[in-house]
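Treat the numbers as computed from the prediction; the structure is a model and nothing was measured. For the single chain, residues carry numbers from 1 onward in sequence order.
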Amino acid sequence: MSDRPYHVILYGASGFVGKQTVQYFADRTSKQTRWAIAGRNRQKLEAVRAQVGVAVDVLVADSQDQQAVDKIVSQTKVILTTAGPFALYGNTLVDACVRYKTHYVDITGETPWVRTLIDRYHTQAAVDGTRIIPCCGFDSVPSDLGTYLVVRHLQKELGVPCKSVNAYFQAFGGFNGGTLASAFNLYDSNQTEQLKDPFLLNPSGNHTQAEIEQNCDPETPTFDSDLNTWVAPFFMGMVNTRIVRRSSALYEQWQEPYSSDFTYQEYLKFDEPLARLKATSVNAGLALFTGGLQQPVVRSLLKPLLPQPGSGPSEQTMDEGWFSCELIGTGVDGRKVRSLIRDQGDPGNRATVKFLCESALSLAEQTNELPGGEKRGGILTPATGLGDVLAQRLRQAGMTVKVGT
C-alpha cells in the first residue's frame with residue numbers, strides 16, 4: 001500500500017460527525033500524513049474543506065455506485081467512514097476494502113449488519129491481512145479496549161486469567177441525527193430479534209443454554225457491592241457486550257484467551273443521593289422508549305420530533321459533555337483490577353470522533369506495532385485489531401486511559 005496516494009480517506013465528510021473528523025485531522029495530523037475527504041456531494045465537501053481551511057483533495061462517490069467507490073478505496077491505505085445507517089450505505093465500502101486490501105474503520109452500532117460482514121468477508125480479510133474494524137466510536141471502544149487492558153494486566157502483571165469484567169458508564173451529552181437514523185433503521189428492518197442474541201458476533205454459534213443464560217443482558221437495577229451504589233442496565237450494552245465477547249472468542253482462537261469461561265456485562269452507574277430511585281427511573285424510561293420504538297406508528301410519530309441526519313447537538317453541548325467508563329476485572333483467584341477510560345466532550349460526537357480518528361491513524365501509521373503484526377486480518381474489533389497502539393494514541397490525545405489494581 002505504500003505507493004497509494006493517501007494514507008486515510010474520510011468518507012461521509014460532509015455529515016454532522018464527518019465534519020468533525022475533518023477538523024480533527026486538520027488539527028492533529030502531521031504533514032507526512034496524506035489524507036483526503038470523500039462523499040457523494042462535491043459542493044458540500046468543498047464547503048467543509050473551506051470551512052475548516054485545509055488544503056486536501058475532494059473525492060466524489062455515491063455509496064451505491066460500486067465503481068466510483070472502488071476508485072476511491074483503491075487509492076488509500078485506510079477508509080474511515082461516518083456515513084450511516086451503515087446497513088444502507090456501508091456495504092459497497094466494505095466490499096471494496098476487502099477486494100483492494102484496504103483497512104476500514106467506522107462508528108456503527110448496528111450489530112446485525114456487522115454479523116453479515118463476518119459471514120461474507122471475515123475469511124477473505126483474514127487471509128489477506130485486511131483489518132475491517134466496525135464499532136470504533138463510543139460504541140464500542142471504551143468497553144472493548146478497557147476490557148482488553150484489564151485482562152492483559154491480570155495476565156501479565158498478576159499472572160492469572162480473567163474470569164469476568166463489569167463496565168460502569170456515566171455520561172452527559174447529546175444525540176446526533178445519524179445515530180438516531182441508524183437506530184430507527186434497525187427497527188424498520190425487523191432486526192430486533194437478532195439484537196437479543198448475546199453471542200451474535202461470536203465466530204461459533206454453538207453455546208449451551210447455561211452460557212446463554214449467564215450472558216443474557218441485565219434487565220433490572222441492582223446494588224453493586226464493588227461500587228457500593230446502584231446500577232442499571234446500560235442502553236448500549238446490547239452492542240458493546242457483543243463486541244467484547246467477539247474479542248474474547250477471537251483471542252481464544254489465536255491461543256491468547258481471556259479465560260475459558262470469561263463473562264462481560266455493563267451498566268449505568270448512579271451516585272448518591274437517591275441512587276436507587278435514579279436507577280429505577282432511568283431504567284423504566286428506557287424500557288418505555290424502547291418499547292415505543294418497536295411500534296411502527298410510534299416510530300413514525302417520533303422521527304419528525306428528533307434530530308434529523310446531518311444535525312446534532314450545539315458546540316456548547318458537545319464541549320460540556322463528558323463520559324466515564326470504569327471497569328472492574330476479577331481474576332480466577334478472586335483478585336481485582338480496575339481500568340478507567342474518561343474524557344471531556346460528549347460521547348456521541350467529541351469522544352466518538354477521537355476514538356474513530358485515532359483508530360484510523362493507528363492503522364495508517366503504526367501497522368507493524370498492531371496486535372498480531374501485519375498479517376492479522378478479518379472482521380475485527382478495537383481490542384483485536386488495535387489494542388495497545390490505540391490506547392497509547394488516546395492517551396497522547398489527552399484522554400484518560402489507565403489500568404491497575
Side-chain angles (χ1 to χ4, degrees), residues 133 135-171 198 201-202 214-215 217-218 224-229 231 233-234 236-237 239-269 323-343 347 351 355 358-359 362 370-372 380-395 399-405:
I133 314 179
C135 305
C136 286
F138 185 61
D139 311 318
S140 301
V141 172
S143 307
D144 198 36
L145 187 62
T147 298
Y148 168 85
L149 294 174
V150 165
V151 169
R152 290 293 178 250
H153 188 89
L154 276 163
Q155 292 173 337
K156 294 179 180 179
E157 302 301 325
L158 302 183
V160 296
C162 183
K163 181 180 180 180
S164 65
V165 173
N166 287 337
Y168 306 92
F169 283 86
Q170 292 179 297
L201 304 183
N202 279 45
Q214 188 178 23
N215 289 277
D217 300 309
D224 191 283
S225 57
D226 283 330
L227 298 181
N228 197 34
T229 192
V231 299
F234 183 42
M236 291 312 303
V239 175
N240 299 333
T241 55
R242 280 54 168 171
I243 292 293
V244 173
R245 291 182 192 126
R246 178 165 179 78
S247 294
S248 176
L250 288 174
Y251 273 119
E252 186 171 2
Q253 284 188 343
W254 299 327
Q255 283 76 55
E256 305 174 43
Y258 286 12
S259 78
S260 58
D261 58 349
F262 172 80
T263 60
Y264 174 81
Q265 291 291 1
E266 58 186 36
Y267 306 89
L268 272 174
K269 174 188 172 183
F323 83 91
S324 174
C325 175
E326 302 173 64
L327 302 103
I328 301 177
T330 304
V332 294
D333 62 354
R335 284 185 288 178
K336 295 183 185 295
V337 165
R338 293 175 181 257
S339 177
L340 175 66
I341 300 181
R342 180 176 61 200
D343 205 14
F355 287 134
E358 294 299 341
S359 295
S362 298
L370 295 172
L380 302 178
T381 62
T384 57
L386 303 169
D388 292 303
V389 170
L390 178 57
Q392 186 56 31
R393 293 193 71 98
L394 292 172
R395 293 185 187 106
M399 189 175 291
T400 297
V401 181
K402 59 184 182 181
V403 60
T405 53

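In this structure, the side chains of Thr241 and Asn215 stay at 4.5 Å or more apart for every pair of heavy atoms. Considering only heavy atoms from C-beta on, Phe262 comes within 4.5 Å of Thr147 through its side chain. In this structure the side chain of Pro371 never reaches within 4.5 angstrom of the side chain of Thr384, judged on heavy atoms.
The aromatic rings of Tyr251 and Trp254 lie perpendicular to each other, with more than 60° between the two planes, well past the 30° mark.
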Discussion item. Assess the residue pair Ser140 and Val239 against the criterion (side chain to side chain contact (heavy atoms under 4.5 Å, CB included)); give the C-alpha distance rounded to whole Å, side-chain angles, the decisive distance to 0.1 Å, and a yes or no.
Written reply: CA-CA 7 Å; Ser140 301; Val239 175; 3.7 Å; yes
Practice prompt. Show your working on salt bridge (charged side-chain N to carboxylate O under 4.0 Å, His left out) between Arg242 and Asp217 and close with a plain yes or no.
Written response: CA-CA 10 Å; Arg242 280 54 168 171; Asp217 300 309; 2.6 Å; yes
Discussion item. Could you go through Tyr267 and Leu227, starting from their C-alpha distance and side-chain angles, then the distance that decides it, and tell me whether this counts as side chain to side chain contact (heavy atoms under 4.5 Å, CB included)?
Written reply: CA-CA 12 Å; Tyr267 306 89; Leu227 298 181; over 6 Å; no
Fill in: side chain to side chain contact (heavy atoms under 4.5 Å, CB included) assessment of Leu149 paired with Asp388
CA-CA 8 Å; Leu149 294 174; Asp388 292 303; 3.7 Å; yes
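Shown here for Phe323 and Pro347, the closest heavy-atom pair between the two residues is CB-CB, 4.1 Å. Smallest separation of non-hydrogen atoms from Ala167 and Leu327: CB-CD2, 3.7 Å. Closest non-hydrogen pair, Pro161 versus Ser259, comes out as CB-CB, 3.9 Å. Nearest heavy-atom pair, Gly329 versus Val150, reported as atom, atom and distance to 0.1 Å: CA-CG1, 3.5 Å. The minimum heavy-atom distance between Asn202 and Ala249, with the atom names listed, is ND2-CB, 3.6 Å. Residue Ser247 comes nearest to Tyr258 through the heavy atom pair CB-OH, 3.9 Å, listed as atom of the first residue, atom of the second, then distance.
Separating the CG atom in Leu394 from the CE atom in Met399 is a distance of 5.0 Å, to the nearest 0.5 Å. With values rounded to the nearest 0.5 angstrom, Glu358 atom CD is found 11.0 Å from Leu386 atom CG. In this structure, the separation between CG on Asn240 and OG1 on Thr381 is 12.0 Å, given to the nearest 0.5 Å. Going from atom CG of Leu340 over to atom CD1 of Ile328 covers 11.0 Å, rounded to the nearest 0.5 Å. The NZ atom of Lys163 lies 10.5 Å from the CG atom of Asp333; values are rounded to the nearest 0.5 Å. Once rounded to the nearest 0.5 Å, the distance linking CG of Leu390 with OG of Ser359 reads 4.5 Å.
Side chains of Glu266 and Ser143: a donor on one and an acceptor on the other come within 3.5 Å. Counted by atom type alone, Tyr168 and Asp224 present one or more donor-acceptor pairs between their side chains at under 3.5 Å.
A side-chain contact (heavy atoms from CB on, under 4.5 Å) with Val141 holds for exactly one of Asp144, Asp139, Leu145; it is Leu145. Checked against Gln265 for a side-chain contact (heavy atoms from CB on, under 4.5 Å), the options Pro233, Pro218, Pro198, Ser164 give a single hit: Pro218.
Of the possible donor and acceptor atoms, none in the side chain of Thr400 sits under 3.5 Å from a partner among the backbone N and O of Asp343. Although no hydrogens or angles enter the test, the distance criterion places a donor-acceptor pair under 3.5 Å between the side chain of Gln255 and the main chain of Gln253. Proximity of a side-chain donor or acceptor of Arg245 to a complementary backbone N or O of Leu201 within less than 3.5 Å is not detected. Without hydrogens or angle criteria, Glu326 side chain to Arg342 main chain gives no donor-acceptor distance under 3.5 Å. Side-chain N or O atoms of Arg335 include one that pairs as donor or acceptor with a backbone N or O of Leu158 at under 3.5 Å.
Aromatic ring centres of Phe138 and Phe169: separated by under 6.0 Å.
Note on Arg152 versus Glu256: salt bridge recorded, some NZ/NE/NH1/NH2 to OD/OE distance being below 4.0 Å.
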